[in-house]
Amino acid sequence: MTKKPIYFNHDGGVDDLVSLFLLLKMDNVELTGVSVIPADCYLEPAVFASRKIIDRFGNGGLDVSESNSRGKNPFPKDWRMHAFYVDALPILNESGEIRTPVAEKPAHLHMIDAIRNRDEKTTLLFTGPLTDLARALDIAPDIEEKIEKLIWMGGTFREAGNVAEPEHDGTAEWNVFWDPEAAGRVWETDIEIDLVALESTNQVPLTLDVRERWAKERSHIGVDFLGQCYAMVPPLVHFSTNSTYYLWDVLTTATIGKKDLVKVETINSTVITDGPSQGRTVETADGRPVNVVYDVDRDAFFDYMTELARRV
Ligand code: AGV
Ligand code: CA
């Protein structure tokens, strides 16, 4: 099977770290680089956890780059703490050593090198804000033509986003809201964008039946790892709240391994970068096109991620 070169930039949430694990198990993916941005996480535990996941579930050959990017609107502290819990899991600490090194260069420069060093075009997978990509494009505009496409978890075209913060109208999704200008910068390019938005992930909340399934299969080390990770975050039981967890980033990542899990439509859109709606993505007739997931085969998705986890 021909492997796609993928560069992965994430922000250390539970589903970002699970995404890293699953990428390492996909047979059509060659990870060319991993970097971590301290948006929905604290940097140190998220980088530790990433290095340990690569050690435990990968085949070596990677380093992990730390981003030095800063956002405009900080994530809630409770959510940022999740990386500490994953980093502390016994399965990631059994060996007592970390072999995967920290990269010398910060994320945006690390990504520029990874893209330039390949003859083929690189597919970018971003499951946090786009700050490192925006900075990389400013410094090295030549990389644009070496980017196959950007696959991003971000945005929503519905009225209701998932930001509940003072002075905001609630229409934004967090990965855009953290750094609206970065999304605006990427929107200016001709890079093809595949978007998993909130309307795409509404069909894949973390529910109790999913947890029970992972519990039943916990004799598989990889499935147990999924169960342990998703024990840290609140499921959807009675109704969706601001802290209910969806499989946002994992769905985004799964589309790389199996694109027929989702249906996609093209929407022309604009990013609002200022004011009470900052971080909102809106459909506009003359906006830039993005390919948005609007339907998911929910059962096939959970089967696929569990099957990948069984490969450990
Ligand atoms: O908006 C979804 C993004 C995804 O990249 N993140 C979490 C995923 O990694 C922010 C977020 C929104 N609601 C959250 C989030 C919640 N309840 N807990 C943690 N993070
Ligand atoms: Ca994320």
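Quick caveat, the model's predicted, so the values are computed rather than measured. Counting starts at 1 for both ligands and their atoms, in listed order.
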Next item on the list: May I ask you to identify the nearest protein heavy atom to atom 4 (C) of ligand 1, giving residue, atom name and distance to one decimal place in Å?
Entry: D249 OD1, 3.1 Å

Next item on the list: State whether a side-chain donor-acceptor pair under 3.5 Å links T131 with W178.
Entry: no

Next item on the list: Tell me which protein heavy atom sits closest to atom 1 (O) of ligand 1, plus the residue, atom name and distance to 0.1 Å.
Entry: E173 OE2, 2.5 Å

Notebook entry, point to check: Which atom pair, heavy atoms only, marks the closest approach of L24 to F57?
Noted result: CB-O, 4.0 Å

Checklist line | D15-ligand 1 polar pair, N/O distance under 3.5 Å | finding: yes

Item checked: Part of Y245 with heavy atoms under 4.0 Å of ligand 1, whether side chain, backbone, both or neither -> side chain

Checklist line | Tally of protein N, O or S atoms, where distance to the Ca ion (ligand 2) is under 3.0 Å | finding: 5

Note to self: Counting neighbours of CG on D138 that are heavy atoms of other residues, nucleotides or ligands and sit closer than 6.0 Å, is the number greater than 12?
What the structure shows: yes

Notebook entry, point to check: For the residue pair A136 and M111, what are the closest heavy atoms and their distance?
Noted result: CB-CE, 3.6 Å

Notebook entry, point to check: With distance as the sole criterion, is a donor-acceptor pair present between the side chains of N73 and H168 under 3.5 Å?
Noted result: no

Next item on the list: Would you please classify the geometry between the F84 ring and the Y42 ring as parallel, tilted or perpendicular, with 30° and 60° separating the classes?
Entry: tilted

Note to self: Against ligand 1, does N242 come closer than 4.0 Å with any heavy atom?
What the structure shows: yes

Next item on the list: Enumerate the atoms of ligand 1 whose separation from the nearest heavy atom of F75 is less than 4.0 angstrom.
Entry: 10 (C)

Next item on the list: May I have the step-by-step check of side-chain hydrogen bond (donor to acceptor under 3.5 Å, both in side chains) for S19 and D249, ending in yes or no?
Entry: CA-CA 7 Å; S19 295; D249 298 351; 5.3 Å; no

Next item on the list: Heavy-atom distances under 4.0 Å are what count here, so tell me which part of L198 touches ligand 1: side chain, backbone, both or neither.
Entry: neither

Checklist line | No-hydrogen, no-angle side-chain donor-acceptor test under 3.5 Å, T270 and T284 | finding: yes

Notebook entry, point to check: Counting heavy atoms not belonging to K25, are there more than 12 under 6.0 Å from its NZ?
Noted result: yes

Check: Non-hydrogen atoms of G128 versus ligand 1: any pair closer than 4.0 Å?
Finding: no

Checklist line | Protein contact to atom 20 (N) of ligand 1 [nearest heavy atom, distance to 0.1 Å] | finding: D40 OD2, 2.7 Å

Margin query: Checking the N or O distance criterion of under 3.5 Å, is ligand 1 in contact with T127?
Written below: yes

Check: When you measure from atom 19 (C) of ligand 1 to each heavy atom in F177, W79, W174, which option holds the nearest one?
Finding: W79

Item checked: Side-chain donor-acceptor pair present, R118, T32, cut-off under 3.5 Å -> no

Check: In ligand 1, which numbered atoms sit nearer than 4.0 Å to a non-hydrogen atom of N175?
Finding: 3 (C), 4 (C), 5 (O)

Next item on the list: Report the residue from T253, D16, D11 that forms a side chain to side chain donor-acceptor pair (under 3.5 Å) with T127.
Entry: D16

Check: Do the rings of Y85 and H82 sit parallel, tilted or perpendicular, given the 30° and 60° boundaries?
Finding: tilted

Note to self: Students often mix this up, so state it plainly: with edges at 30° and 60°, are the rings of W248 and Y245 parallel, tilted or perpendicular?
What the structure shows: perpendicular

Checklist line | Y246 to ligand 1, any heavy atom closer than 4.0 Å | finding: no

Next item on the list: Could you tell me whether the side chain of F21 reaches within less than 4.5 Å of the side chain of L226, counting heavy atoms only?
Entry: yes

Item checked: Protein heavy-atom partner closest to atom 12 (C) of ligand 1 - residue, atom, separation in Å -> N162 ND2, 3.4 Å

Next item on the list: Would you mind listing which atoms of ligand 1 come within a distance below 4.0 Å of any non-hydrogen atom of S243?
Entry: 17 (N)

Notebook entry, point to check: Counting from 1, what ligand 1 atoms have a heavy atom of M153 closer than 4.0 Å?
Noted result: 2 (C), 4 (C), 5 (O)

